[in-house]
Amino acid sequence: MQIDIQSTGVPLTDTFISYYRQQLTCALAYCSGHVRQIVVRLSEIKTSRGCDQKRCHIQVVLAGMHDVVIDESQTDLYAAVDRAVARAKRTVVRKVDRLLAPQTRLDASDVYDPVRLPSATS
């Protein structure tokens, strides 16, 4: 599983990068066989109210499935990344579980079991 963390306008430390690499690896360990790549983009956005918010954009590239894209904005960078990682975990696990779950389809005979009426001849 390849993890790429990119930052625009947000200073990152080596401690921050290694901590969140570990968080992503642990969060997606259950699905690691299906995850090809994780791209994390961190940036700062200006809101109309004048407060700065930190944005965390996570894209999880899955094998044989559509990508999972999570976008989270918070005033605190750590809160934005924590919430985005948790949302990415829930979404990816749900998607992989759906793929692995056996497809069950009900036939009309499974749903409707007609009650046999006694014959009128007896």
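What you see is a predicted model; the values in this text were computed from it and never measured. Values reported hereafter were calculated over all heavy atoms of this structure, with side chains retained and with hydrogens, waters and symmetry mates removed.
- The two atoms that bring H66 and L62 nearest to each other are O-CD1, 3.8 Å, heavy atoms only.
- With rounding to the nearest 0.5 Å, the separation of CG in L99 from CE in M65 is 5.0 Å.
- Counting heavy atoms from C-beta outward, D71 and V69 have side chains that stay 4.5 Å or more apart.
- Among residue pairs with one or both ends in residues 73-89, those qualifying as salt bridge (Lys or Arg N to Asp or Glu O under 4.0 Å) are E72-R83, E72-R87; sequence neighbours excluded.
- K95 is not listed as a side-chain neighbour of H34, based on a closest heavy-atom distance of 4.5 Å or more.
- The NZ atom of K54 sits 11.5 Å away from atom CD of Q74, with the distance rounded to the nearest 0.5 Å.
- Both I38 and I5 belong to a single network of hydrophobic side chains, linked directly or stepwise wherever heavy atoms of I, L, V, M, F, W or Y lie under 4.5 Å apart.
- Side-chain contact between V10 and L77 is present, with heavy atoms from C-beta onward closer than 4.5 Å.
- Within the 4.5 Å cutoff, side-chain heavy atoms of L24 are placed close to those of V40.
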Open item on the list: Determine whether D4 and Q6 satisfy the following criterion, side-chain hydrogen bond (donor to acceptor under 3.5 Å, both in side chains), listing intermediate values before the conclusion.
Closed with: CA-CA 6 Å; D4 184 26; Q6 305 167 1; 2.7 Å; yes
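- Using a 4.5 Å heavy-atom threshold, the side chains of V68 and Q59 count as separate.
- In the hydrophobic clustering of this structure, L42 groups with Y19; members are Ile, Leu, Val, Met, Phe, Trp, Tyr whose side-chain heavy atoms approach within less than 4.5 Å, directly or through other members.
- Aromatic ring pairs are classed by plane angle as parallel below 30°, tilted from 30° to 60° and perpendicular above 60°; the pair Y78 and F16 is perpendicular.
- The cluster map of Ile, Leu, Val, Met, Phe, Trp and Tyr, joined by side-chain heavy atoms under 4.5 Å apart, puts V60 and M1 in the same cluster.
- Here the CD1-CD distance, from I17 to Q22, works out to 14.0 Å after rounding to the nearest 0.5 Å.
- Separating the CG atom in D52 from the OG1 atom in T75 is a distance of 10.0 Å, to the nearest 0.5 Å.
- With hydrogens and angles left out, the side-chain atoms of D97 and Y30 include a donor and acceptor closer than 3.5 Å.
- Distance check, rounded to the nearest 0.5 Å: CD1 of I3 to CG of L28 gives 8.0 Å.
- Here the side chain of T91 pairs no donor or acceptor atom with the backbone of A88 at under 3.5 angstrom.
- Between the OG atom in S7 and the CG atom in L12 there is a gap of 4.0 Å [rounded to 0.5 Å].
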